[in-house]
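Heads up: the structure comes next, in structure tokens.
Bear in mind the structure is a predicted one, so any value in this text is a computation, not a measurement.
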Amino acid sequence: MGGAGILLLLLLLLLLAGAGVGEAWRPPKGKCPLRCSCSKDSALCEGSPDLPESFSPSLLSLSLANNQLETLPRFLFRGLETLTHVDLRGNPFQCDCRVLWLLQWIPTVNASVGTGACAGPTALAHMQLRHLDPKTFKCRAIELSWFQTVGELALGAEAFSYQGEPHIILAQPFAGRCLILTWDYSLQRFRPEEELSAPSVVSCKPLVLGPRLFVLAARLWGGSQLWARPGPDLRLAPMQALAPRRLLRPNDAELLWLEGQPCFVVADASKAGSTTLLCRDGPGFYPRQSLHAWHRDTDVEPLELDGRPHLLLASASQRPVLFHWFGGRFERRTDIPEAEDVYATHHFQAGGDVFLCLTRYIGDSMVMRWDGSMFRLLQQLPSRGAHVFQPLLIAKDQLAILGSDFAFSQVFRLDPDKGLLEPLQELGPPALVAPRAFAHITTAGRRFLFAACFKGPTQIYQHHELDLSA
């Protein structure tokens, strides 16, 4: 070919290139593995241990069949709006949370997808991917990780909101105080806001009424007191000595509402004492009823059953007893069968049912469910020196924490399908030393769990949500 012919051929090739005729898309260097063929319309890999790192945005068809792939990178097909065919057959996919994104993606595209079958786990082996239901995958996990320590020993922890800000109040008997903690937005940790003097305190129970804050400080010696803060710019100050002749040895205090009025109920563990209901009357709180005399009550739990207020009393001398509000006072309704040696009780609601967590120091702590007439045994969990078995609703997770004086405390989560508590994690390190109460708050978009310990510092954990399909 002469010089004129060569020049003419070069011009023709340049014209074709400029018009895009015969142009083949090529990924950037190193983006298409050796055993793959990549163009602007298709990508074909077979027997390749690697996958293309990018595709042409106008890709029509992605064959990754027979490549020994157990999973695919998330968002592998993101932005490929023109896909018409995808072949994934012949791969030993592990059909766990790693393929959830793929199952969710398939119904959203117009492409025909040849998915192939699962190689594992065993329960799903040989099942076609297209037959799997994404709703059956449980790919959301939670974790409680240590965040902060509060140095003093504590028997109780209570969460409350005051002036739009979450707070925690700790009952610290050896420090002789009720300590209020709040979130420090500058330091990004919890700091003391205020404390009130309360030697030998066993419970600090907050009550917020508009701008006013009340704190009941139940004390073993020296008498229980009610403290009050009239407004947000003032400090807490002693307001009232509470039933000095009735509250002999308080062991627990709770808040409840009766006929539109706030009341405190205090469990008394002395031999000659009785649990006392104190209701608001004018400026203070005064005894309205004595309950369960001579039984050395260790715990009281207010709850609502069948639309009416109830109290559940646990004692050292008999099975827990359930009282209901009737005729302006609490009357005995029933006891809890098969529940000897119960130290404390807590309740929670889930799926329209009411559940009880019954704490036993040795033996099995129990979960019970209300059947309309009494609580029936649902589940038993081994206890090793437990003083607390406390349910907590954190975000959308119904948790329950079983404390231990001799081993790690166990965190359980309610399985909504089974209606049972399933093990989630152990709390620690640092290990909790004789935990007595748990509480949680949400602040600054973060969720925290407080663990009050009788023989060690109070520990604070942060609640994290984990996406196992990522």
Side-chain angles (χ1 to χ4, degrees), residues 31 33 36 43-46 48-57 59-145 350-351 393-399 411-425 445-447 462-470:
K31 299 297 184 180
C36 295
L44 173 63
C45 297
E46 185 165 355
S48 172
D50 302 311
L51 295 177
E53 295 183 21
S54 65
F55 298 103
S56 164
L59 194 71
L60 297 177
S61 64
L62 176 47
S63 176
L64 301 177
N66 304 307
N67 282 285
Q68 296 299 307
L69 300 174
E70 294 188 355
T71 186
L72 293 174
R74 197 174 188 182
F75 307 127
L76 180 65
F77 306 126
R78 175 186 283 175
L80 303 181
E81 306 295 339
T82 59
L83 271 178
T84 60
H85 179 72
V86 179
D87 189 356
L88 303 173
R89 288 171 292 194
N91 289 300
F93 284 119
Q94 292 299 310
C95 295
D96 51 26
C97 288
R98 293 173 292 175
V99 302
L100 178 59
W101 74 268
L102 180 63
L103 302 181
Q104 295 170 331
W105 173 80
I106 290 174
T108 67
V109 295
N110 293 323
S112 63
V113 183
T115 55
C118 302
T122 304
L124 299 178
H126 310 300
M127 183 176 291
Q128 294 292 314
L129 264 72
R130 65 176 179 271
H131 294 157
L132 299 178
D133 183 359
K135 296 179 181 178
T136 63
F137 282 71
K138 297 180 179 180
C139 297
R140 177 183 167 275
I142 64 170
E143 181 181 71
L144 295 166
S145 62
L393 182 62
I394 304 181
K396 53 187 175 182
D397 297 298
Q398 179 61 63
L399 307 181
V411 183
F412 298 87
R413 179 168 57 178
L414 183 70
D415 186 314
D417 298 324
K418 300 178 182 178
L420 298 173
L421 294 176
E422 301 285 349
L424 181 66
Q425 75 172 83
R446 301 156 75 178
R447 294 179 286 268
Q462 185 171 352
H463 174 276
H464 300 277
E465 294 191 24
L466 308 176
D467 184 359
L468 300 181
S469 67

Could you tell me whether Arg74 and Asp467 make a salt bridge, using a distance below 4.0 angstrom between a side-chain N and a carboxylate O? yes
Measure the spacing between NE2 of His126 and SG of Cys95 and express it to the nearest 0.5 Å. 11.5 Å
Spatial distance of atom CG (Asn66) from atom CG (Asp87) [nearest 0.5 Å]: 7.5 Å
Walk me through whether Ile142 and His463 qualify under side-chain contact (heavy atoms from CB on, under 4.5 Å). CA-CA 7 Å; Ile142 64 170; His463 174 276; 3.7 Å; yes
Between Gln425 and Leu144 (side chain of the first, backbone of the second, donor and acceptor by atom type, cut-off under 3.5 Å), is there such a pair? yes
Between Leu80 and Pro57, which heavy-atom pair has the shortest distance, and what is it? CD2-CA, 4.3 Å
Can you name the closest pair of heavy atoms from Ala350 and Leu414 and give their distance? CB-CD2, 3.5 Å
Applying salt bridge (charged side-chain N to carboxylate O under 4.0 Å, His left out), name anything that partners Asp96, two or more places apart in sequence or on another chain. Arg98
Given the rule in the side-chain contact (heavy atoms from CB on, under 4.5 Å) test, do Cys118 and Val99 qualify, once you have shown the distances and angles that lead to the verdict? CA-CA 10 Å; Cys118 302; Val99 302; over 6 Å; no
Ser112 side chain to His85 main-chain N or O, any donor-acceptor pair under 3.5 Å? no
So, taking the atom named CD in Gln462 and the one named CZ in Arg447, what distance separates them when rounded to the nearest 0.5 Å? 9.0 Å
Quick one: do Lys396 and Glu465 make a salt bridge, cutoff under 4.0 Å? no
Mind running side-chain contact (heavy atoms from CB on, under 4.5 Å) on Trp101 and Leu76 for me, showing each step along the way? CA-CA 10 Å; Trp101 74 268; Leu76 180 65; 4.1 Å; yes
List the atom of Leu88, the atom of Phe93, and the distance in Å for their closest heavy-atom pair. O-CE1, 3.5 Å
Could you note down all residue pairs passing salt bridge (Lys or Arg N to Asp or Glu O under 4.0 Å) where residues 123-138 supplies at least one of them, sequence neighbours left out? Lys138-Asp415, Lys138-Asp417
With side-chain contact (heavy atoms from CB on, under 4.5 Å) as the test, would you mind laying out the steps for Leu59 and Leu83 before giving the verdict? CA-CA 6 Å; Leu59 194 71; Leu83 271 178; 4.1 Å; yes
What heavy-atom pair brings Leu64 and Leu69 nearest, and what distance separates the two atoms? O-CD1, 4.1 Å
Under a 3.5 Å distance rule, please check whether Asn67 uses its side chain to pair with a backbone N or O of Cys45 as donor and acceptor. yes
Could you state the interatomic distance from SG (Cys97) to CZ (Arg140), rounded to the nearest 0.5 Å? 12.5 Å
4.5 Å side-chain heavy-atom contact, Leu420 and Phe412: no
Rounded to the nearest 0.5 Å, what separation is found between the CD atom of Glu70 and the CD atom of Gln94? 5.0 Å
Please report the shortest heavy-atom distance between Ala119 and Ala125, naming the atom on each side. O-CB, 4.0 Å
Looking only at heavy atoms, what is the nearest atom pair of Asn91 and Gln68, with distance? OD1-N, 3.1 Å
Atom pair CH2 (Trp105) and CZ (Phe75), whose distance is rounded to the nearest 0.5 Å: 13.0 Å
